[in-house]
Amino acid sequence: MRRKESEVSNMTEYLPEYGQQKLLLCADSCRNIARVMINFPPSEEGLSREDLLYHKRLQENQAFVARQLLSMADKLSGLAGESYSYVSSTDSRYKEIVRLLRAEDIQVKHLYFMEDENRDGVLEITMCSRNGRVPVKDVAGLLGGFYEMRLMPSARCPYFIEEEYHSFTFVQEPAYNIIVGQAGAVMHGESVSGDNATLMEGIDGHGILMLADGVGSGEEAFQSSEKILEFVEKFLLAGFAREETIQILNNLLLQSGQEKWMASLDLCDINLYKGICEWYKIGAAAGYHKRQDMAERIQISNLPLGAFGTLDLDSARIRLEEGDYLILLSDGVAEGLQEEDRRGRLEEYIGRLKLQNPREMARAILEYGTQLHRGRVEDDMTVMVAGVWRNRERLLREKLEKESQENI
C-alpha cells in the first residue's frame, strides 16, 4: 500500500512490559524443566536387560520432550521481544475513511498502516457495526475502491463486523493465484484410500500444498495420513517454521514406536506475492514442475516420517511463472516406474499435456499412470495438480507503474 512520507508518522510498538515478563517467565520455566530432564536421567542401577531396554526408551522420550520444551521456550522469548512498525494515517485520510464507513453504519476507532515484508503495506482498522452484522469482505471492497487497489481480509480476520469493536486486517491481493485439482484411485480390495491431500490457505500470502501417504492401505493408513496433515496445519498456523514443524512431527512418530504411523509427506509452500515455491519431500515420490511443454522431475531422497531420528531436510526452490503447474504424486502412482523407460514416458506425457484445468490434468495423469501399471491398482493412487496464474489486475497495475516511472 503505497504512501508518501509526508502523510504518515512512523511508530514502533512492543508488547507491554507486564505481558513481556509473563512470557519470559513461562519461557524460563520451560527451559528449567528441560534442563532437569536432560541432566537427571532415571538411574540404571540394578536393572535387568529388559528393564535397561525400557530405560533407554524412556531416556529417548525424555530427550524428545526436553527438545520440544526448549523450542517452545525460544518461541515464547521471541514473542516477548516482538515488535511491529506502523504508520498512522493523516487526519484528512482518516476522516475520509470514517465518512465512507459511517455511511454503511460502521464506526471506526483506529486506523493504521502496518509494515509487511511481502506487501507494500497492511491496513489495520478497529471498528464495529451499528446496524447488525456486516460481512468484512464488503468493507474490503469499499476500502479497495478508496485506495484504488484490490484489498482482501486477512485469513485470520473474523468473517463479520459486529456491534463490539474488533481489529480487522486488510492486505493486498496476491500477485499469484493457484487453483488445485486432484484425482485418486483406491487400492483393489480396500474401501478407503490411505492417501490424504489438502491445500492450506490459512497463512497470509502463502498457499501450502500437502500430500501424505500412510504406510500400507485402508483405514489405518488413512487415519495416519490425516493426522499428519492436521498436525502440520496446526503447527504452521501457530507460527512454527516448516523445517521445525517437520522435525517435531518426525520425532513424535519415532517415539510412538509404531510402524503404522509412519508416512511420507510432500509439502509445497508457495509464496503468492513473490511467486516462489519451496518444495519439501520426506520419503515422498518424485513430483513434477510443468512449464509449457517441459516437465522437470523434482526428487529429494529422504526417509519417511518416523523412520529415523533427525531428518536432513532439503528443499527444491522453484521460481514460478504464469501458467506453471506443480504436480504431486503418491507412491502408488510412481511405484513400479523405476525403470527409466516408464519413468521417462510419464515425464514426457506430463510435458506434452495441453489441458489447463488442474482437475482434468490430474485425472489424465492418473489414467496414464494406471495404464503404465497395466491397469492394476496395487496401491492407493493420488495425483494433486496446482495451476499458477498471475492476478490480472495487479499485473496491469504493476505495468502502468513501471511505465510511469520510466517516463519520469
Side-chain angles (χ1 to χ4, degrees), residues 177-187 190-203 206-237 242 245-246 249 253 261-270 272 277-290 297-300 302 304-306 315-316 318 320 324-335 346 350 353 355 357-370 377 379-388:
N177 296 311
I178 56 174
I179 299 177
V180 176
Q182 67 182 74
V186 179
M187 178 180 173
E190 295 288 355
S191 59
V192 64
S193 173
D195 302 337
N196 263 289
T198 188
L199 167 64
M200 180 182 168
E201 299 180 286
I203 298 178
H206 288 255
I208 300 179
L209 309 169
M210 292 189 288
L211 171 59
D213 184 352
V215 168
S217 60
E219 186 64 32
E220 279 193 353
F222 169 80
Q223 289 181 9
S224 172
S225 59
E226 183 181 48
K227 289 181 184 298
I228 282 168
L229 295 188
E230 287 178 0
F231 179 96
V232 174
E233 187 168 345
K234 287 177 181 177
F235 267 64
L236 291 178
L237 285 172
R242 296 161 305 206
T245 296
I246 294 169
L249 175 58
L253 296 177
W261 294 115
M262 290 171 57
S264 65
L265 176 67
D266 247 328
L267 190 152
C268 290
D269 186 344
I270 305 170
L272 297 174
C277 169
E278 294 282 350
W279 197 335
Y280 294 83
K281 285 185 169 291
I282 303 90
Y288 292 90
H289 169 219
K290 175 177 168 60
R297 183 152 45 94
I298 307 297
Q299 189 162 20
I300 302 172
N302 225 324
L305 290 165
S315 66
I318 303 169
L320 300 169
D324 281 7
Y325 294 88
L326 299 170
I327 300 165
L328 286 64
L329 307 175
S330 68
D331 288 343
V333 181
E335 197 172 295
L346 178 62
I350 291 173
L353 267 175
L355 297 170
N357 185 302
R359 181 176 295 179
E360 292 177 2
M361 186 180 291
R363 287 174 178 168
I365 294 171
L366 179 68
E367 289 175 7
Y368 189 76
T370 305
V377 182
D379 191 5
D380 300 316
M381 294 183 171
T382 301
V383 179
M384 188 180 195
V385 177
V388 181

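- A 6.0 Å sphere centred on CZ of Arg242 holds more than 12 heavy atoms belonging to other residues, nucleotides or ligands.
- The CG atom of Leu305 sits 8.0 Å away from the OG atom of Ser264 when rounded to the nearest 0.5 Å.
- A donor-acceptor contact shorter than 3.5 Å is absent between the side chain of Lys290 and the backbone of Ile327.
- Looking at Trp279 and Leu326, their side chains come closer than 4.5 Å, going by heavy atoms from C-beta outward.
- Considering all non-hydrogen atoms of both residues, Ala362 and Gly181 come closest at CB-O, 3.9 Å.
- For the atom pair CG of Leu267 and OG of Ser315, the computed distance is 10.0 Å after rounding to the nearest 0.5 Å.
- For the pair Lys281 and Ala285, the tightest heavy-atom approach, listed with the atom from each and the gap, is NZ-O, 2.6 Å.
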Can you list the steps and then say if Asp266 with Met210 is a side-chain contact (heavy atoms from CB on, under 4.5 Å)?
CA-CA 5 Å; Asp266 247 328; Met210 292 189 288; over 6 Å; no

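- For the atom pair Cys268 SG and Ile208 CD1, the distance stands at 10.0 Å (nearest 0.5 Å).
- In summary, of the residues considered (Asp213, Asn196, Asp380), a side-chain contact (heavy atoms from CB on, under 4.5 Å) with Ser225 occurs for Asn196 alone.
- Distance check: Ile365 CD1 to Glu360 CD gives 12.0 Å after rounding to the nearest 0.5 Å.
- Scanning all heavy atoms of the two residues, the minimum distance from Thr370 to Met381 falls at OG1-SD, 3.8 Å.
- Nearest heavy atoms, Ala263 versus Ser224: CB-OG, 4.1 Å.
- When atom types are taken as modelled, the side chain of Thr198 and the backbone of Met200 share no donor-acceptor pair closer than 3.5 angstrom.
- A distance-only check finds no donor-acceptor pair linking the side chain of Lys227 to the backbone of Phe231 [under 3.5 Å].
- Leu199 approaches Met384 most closely through the heavy-atom pair N-CE, 4.0 Å.
- Put simply, OH on Tyr325 and CD1 on Ile178 are 13.0 Å apart, with the number rounded to the nearest 0.5 Å.
- Contact check for Ile298 versus Ile318: side-chain heavy atoms found under the 4.5 Å cut-off.
- Note: Ile350 CD1 to Leu355 CG = 12.0 Å, rounded to the nearest 0.5 Å.
- With Leu366 as reference, Val383 is the one residue of Val383, Thr382, Val385 to meet the side-chain contact (heavy atoms from CB on, under 4.5 Å) rule.
- Heavy-atom minimum distance, Ala212 versus Ile228: CB-CG2, 4.3 Å.
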Go through the steps for Leu211 and Leu229 under the test side-chain contact (heavy atoms from CB on, under 4.5 Å), then give the verdict.
CA-CA 8 Å; Leu211 171 59; Leu229 295 188; over 6 Å; no

Check step by step if side-chain contact (heavy atoms from CB on, under 4.5 Å) holds for Phe222 and Val186.
CA-CA 11 Å; Phe222 169 80; Val186 179; over 6 Å; no

Derivation and outcome, side-chain contact (heavy atoms from CB on, under 4.5 Å), residues Leu346 and Leu329:
CA-CA 12 Å; Leu346 178 62; Leu329 307 175; 4.1 Å; yes

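- Between Val333 and Asp379, every side-chain heavy-atom pair lies at or beyond the 4.5 Å cut-off.
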